[in-house]
Each structure stands twice: as structure tokens, then as C-alpha cells.
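Notes to accompany the following structure.
All values below come from the heavy atoms of this structure, side chains included, with hydrogens, waters and symmetry mates left out. Keep in mind the model is a prediction, meaning the values are calculated, not measured. We name chains A, B, ... by the order of the sequence lines, and we start the count at 1 in each one.
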Number of protein chains: 2
Amino acid sequence: MYSSGTKDIERHIVAHLRQKRYKLTAQRLEIIRTLASERSHPGAMDIFRLVRQRLPKVSISTVYYTLEMLKKEGLIGELEFYDRDNRYDVNVSNHINLICKECGKIEDFTRELPFSSEAIEELTGFRPLGMRFEYYGYCKGCRDRRRR
Amino acid sequence: MYSSGTKDIERHIVAHLRQKRYKLTAQRLEIIRTLASERSHPGAMDIFRLVRQRLPKVSISTVYYTLEMLKKEGLIGELEFYDRDNRYDVNVSNHINLICKECGKIEDFTRELPFSSEAIEELTGFRPLGMRFEYYGYCKGCRDRRRR
DNA sequence: ATGATATTCGGAATGGTTCCTAATTAGTCT
DNA sequence: AGACTAATTAGGAACCATTCCGAATATCAT
């Protein structure tokens, strides 16, 4: 699945869009390629800058429009922040994100999660549809740099 | 602790501030009272509106300034959202928030959590300092309303 | 090739939060 | 009680990533 390579992810997304009769524009294909190869949870502006290297006339609106569409199709996940850029990820599985307060890097920590949606609903009546688990702290690199 | 009443929380916060030599203004005391009694994770604007009922001249800047100070003192927690008001909570323990997509209500779900900070650091080298666990879905009320 | 419709682009608008400055006030000291 | 001083307040401007808008363009089905 997500251990698969860049090309596989790209193909998977493109196939999905083709099947749903979305138009495969040059902008769209570049955005998808960028998402598939950048596993660092890029923000819209990161994607914009990367795509612009190949398509100098692309607009940031197009990036947002495409990300919104991919999100609606369930092909990417969005991590929303109020005080920094939102970040995007082709890993749409449930997992914990480890977010570095120093360098902003986001790592995935994929493990069995504590409470199933069913357990939550049984206990509280609340019906979970999505989740977001995050730890904030220092990544290995920044931790070691601070320690010195 | 957090099963304690409104008055206890209020007293606890005020005592902490007095000890740290913060000025106990009327605005500040009202904001604290509001936070202690509103357990619904109010936003800055909610607090502003409530406080203004008693202090009609209070400004929203003051609310933000005070919330920031209380946060720095570790007396309240802040839940930040990019697409809605940030929300504040006198419950500063680690817990899962259940956030209703329909009515915006936020409930606490306080249980043993899956991975300790120590376990995370051992496994990944990432040093967690804070966390944020959320489920998004429908609260009991909204779930039942939709079901009908 | 044509037509219908989705997509793109650029710029304007949005809105919760932060920033700025001058005026005010709580707490302290005498 | 009065004066001092540093923190706090009020009000408004600024911020800025994201969303919205309308007109131009390009994709795909036919």
C-alpha cells in the first residue's frame, strides 16, 4: 500500500481520477507527482513552488483547488494548523503524527491505535468518523542538537 | 482534581496568579470565572460575549491577552483550529477530545492513553512534549437527530 | 472539429488572531 | 492617603494562509 513506490502511488491516484472522469491537466499531474514523491508532508506553498519549477505559470489557486479535490476523493489527507501552513499526505491511513516544534518536520508513527471507533461510540454515544493524533516535541535531530 | 467544582478551579487559578504577582483586574477575574464555569470549551469570542455581559467595555484584545497569559502559566489548555475559533479548557490533563462536526461541541474522553512519551522516544528518537488526540464525528445528540 | 463543462488564473475578500500605541490601573512604597 | 511604576487595557490596524469570484482557457466525449 503505502510502502509502495512513488510511481505506484502516482498511478493509483491517476487511475482513480481517470475512472471518475476528472480532467487530467498538466497542472494536476504535476501536483500529484509532487505529492507522491514528497513524503515530508508538504504544504500548499511547498507544492506550489515545486510545481512552478516545471510549470512556471501555475497559480496557487489551482494548487488549492486540486488539493481540495484530492481530499474529497479520499486520495490524500490534510493536516490543518491555525498557525502554520496546512500539510498534505498521500498516507491516508490512521496514524499518529510526530511534529517537530523546532524544524517543522512531520513523521508518521503507524501503530495499533488505542480505541476503536466502535468502542468510543459504545462508551459515549459519540460517533467518530475521523481522527487526528499528534505528538508535539523535538525530532531526533533537533533533540540531539539541543542536547549538545 | 477536575471533578472539583467551579469555585475550586477559580480559586486555584486566582491563587496561582496572586502568588506570581499578576494584577487581579476585574476583566481578568471575569474571564477566569467564565473559563471555570463554562466546561464546553468556549472560544475567545464566547468568553468575550459572556464577560461583556458584566463588563460592557471589555475588549477582545484583553480576552486574548489574558488567555495567552493563562496558557503560559499552564492554567488552561488551548485547542487550535485553522477553520474555526480556537477553544480553551481548564482541563489541562492529557485526554482525547471528541469534536462534533455538526454542532461544534467538544467533549473530553479521559482514559489511559496508548503510548507514553517514554515509549515513543525509545522507539523513534522523537521527544514528545505535548499531545493532541481528537476524534471528529457526531455527538450523541446530532447522531440521533440525523438518524431519524 | 465542436460543444459542454471542468479547470485555471489572478486578484479581491475573508476573518480569527496578533500587533501596536496611548491611556489607565493595580499593587507597592513612603 | 498620595505618588510611583510597570503591567494591563482598549481600540483599531495589520496579518496572512486560505477561500472566493468571474472571466478566460483547455480537456474530453461525441
Side-chain angles (χ1 to χ4, degrees), chain A residues 13-32 34 41-52 54-73 75-88 104 106, chain B residues 13-32 34 41-73 75-88 99 104 106:
Chain A
I13 294 176
V14 169
H16 178 109
L17 295 183
R18 200 187 300 279
Q19 191 231 325
K20 288 287 209 77
R21 295 287 188 285
Y22 283 96
K23 292 182 183 171
L24 298 174
T25 63
Q27 293 92 326
R28 215 155 251 190
L29 292 170
E30 278 304 327
I31 292 168
I32 292 166
T34 303
H41 303 71
M45 204 41 93
D46 299 323
I47 296 166
F48 175 61
R49 276 190 283 263
L50 288 165
V51 168
R52 205 171 39 174
R54 288 169 174 266
L55 300 173
K57 307 212 63 176
V58 75
S59 96
I60 186 71
S61 306
T62 299
V63 174
Y64 278 112
Y65 185 87
T66 299
L67 290 172
E68 178 64 24
M69 179 271 286
L70 293 172
K71 198 172 49 167
K72 267 195 195 129
E73 290 299 319
L75 295 166
I76 62 173
E78 184 186 32
L79 272 180
E80 301 167 338
F81 300 97
Y82 98 110
D83 60 350
R84 64 182 94 181
D85 296 16
N86 292 345
R87 308 285 284 270
Y88 301 87
I106 302 180
Chain B
I13 293 176
V14 169
H16 178 109
L17 296 184
R18 201 187 301 279
Q19 190 231 322
K20 289 286 208 77
R21 296 282 139 75
Y22 282 98
K23 294 185 182 170
L24 298 173
T25 62
Q27 294 91 327
R28 217 155 248 193
L29 292 169
E30 278 302 328
I31 291 168
I32 292 165
T34 303
H41 302 72
M45 203 42 91
D46 300 324
I47 296 166
F48 174 63
R49 275 190 282 261
L50 288 164
V51 169
R52 203 169 44 173
Q53 292 176 6
R54 287 168 175 267
L55 301 173
K57 307 211 64 178
V58 75
S59 97
I60 186 73
S61 306
T62 299
V63 174
Y64 278 112
Y65 185 86
T66 299
L67 290 171
E68 178 63 23
M69 179 270 288
L70 293 172
K71 199 172 49 166
K72 266 193 194 131
E73 289 298 319
L75 296 166
I76 61 173
E78 184 185 33
L79 271 181
E80 301 168 339
F81 299 97
Y82 98 112
D83 61 347
R84 64 181 95 181
D85 296 16
N86 292 345
R87 308 285 285 269
Y88 301 88
I99 303 174
I106 301 179

Practice item. Give a yes or no on whether A:Arg54 atom CZ has more than 12 heavy-atom contacts from other residues, nucleotides or ligands under 6.0 Å away. Key: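 Atom CZ in A:Arg54 is not packed in, count stays at 12 or less.
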Check your understanding: What's the verdict on side chain to side chain contact (heavy atoms under 4.5 Å, CB included) for B:Ile32 and B:Leu75, showing C-alpha distance, side-chain angles and the deciding distance?
Key -> CA-CA 10 Å; B:Ile32 292 165; B:Leu75 296 166; over 6 Å; no
Point to revise | Shortest side-chain distance from A:Tyr82, nucleotide among C:dT17, D:dG12, C:dT7 | key: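 Of the options given, the side chain of A:Tyr82 lies nearest C:dT17.
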Point to revise | Listed nucleotide nearest any side-chain atom of B:Ser61, set D:dC28, D:dC20, D:dG12 | key: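 Closest of the options to the side chain of B:Ser61: D:dG12.
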Given atom [atom1] of [X] and atom [atom2] of [N], what is their separation to the nearest angstrom?
X	N	atom1	atom2	result
B:Phe48	D:dG11	CZ	C1'	11 Å
B:Asp83	C:dG15	CG	P	13 Å
A:Lys57	D:dA24	NZ	C1'	12 Å
B:Leu17	C:dG27	CG	C1'	14 Å
B:Phe81	C:dG15	CZ	C1'	17 Å
B:Tyr65	C:dA22	OH	P	17 Å
B:Glu80	C:dG15	CD	C1'	17 Å
A:Ile31	C:dC9	CD1	C1'	12 Å

Phosphate contact ([N] OP1 or OP2) by [X] side-chain N/O below 4.0 Å:
X	N	value
A:Gln27	C:dC9	yes
A:Thr62	C:dC9	yes
B:Arg21	D:dA7	no
A:Asn86	D:dT18	yes
B:Thr66	D:dT9	yes

Side chains of [X] and [Y], heavy atoms from C-beta outward: is any pair under 4.5 Å?
X	Y	answer
B:Ile99	B:Phe81	yes
A:Thr66	A:Gln27	no
B:Thr62	B:Val51	no

Review point. Contact class for A:Ile60 (heavy atom, under 4.0 Å): base, sugar-phosphate, or nothing?
Key: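 Here A:Ile60 touches no strand at all.
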Practice item. With heavy atoms under 4.0 Å as the rule, sort B:Thr25 into base, sugar-phosphate or nothing. Key: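 Counting heavy atoms under 4.0 Å across all strands, the contact made by B:Thr25 is with sugar-phosphate only.
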Review point. Between the side-chain atoms of A:Lys23 and the base atoms of C:dT5, is any donor-acceptor pair under 3.5 Å?
Key: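 Side chain to base: pair found, below 3.5 Å.
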Exercise for review: Mark yes or no for a side-chain to base donor-acceptor pair under 3.5 Å between B:Ser59 and D:dG12, with no hydrogen or angle criteria applied.
Suggested key: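 Answer is no: no donor-acceptor pair is held.
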Check your understanding: Toward the 5' end of DNA chain C, which comes first, B:Glu78 or B:Tyr22, by nearest nucleotide?
Key ->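 It is B:Glu78 whose nearest nucleotide is closer to the 5' end.
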**Study point:** Residue closer to the 5' end of DNA chain C, B:Arg18 versus A:Met69 (nearest nucleotide)
**Key:**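 Result: A:Met69.
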Practice item. Select from B:Arg28 and A:Tyr64 the residue whose nearest nucleotide in DNA chain D is closer to the 5' end of that strand. Key: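 Comparing both residues, the 5'-ward one is B:Arg28.
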Exercise for review: Write down the atom of A:Glu73, the atom of A:Leu17, and the distance for their closest heavy-atom approach.
Suggested key: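 Residues A:Glu73 and A:Leu17, closest heavy atoms: CG-CD2, 4.4 Å.
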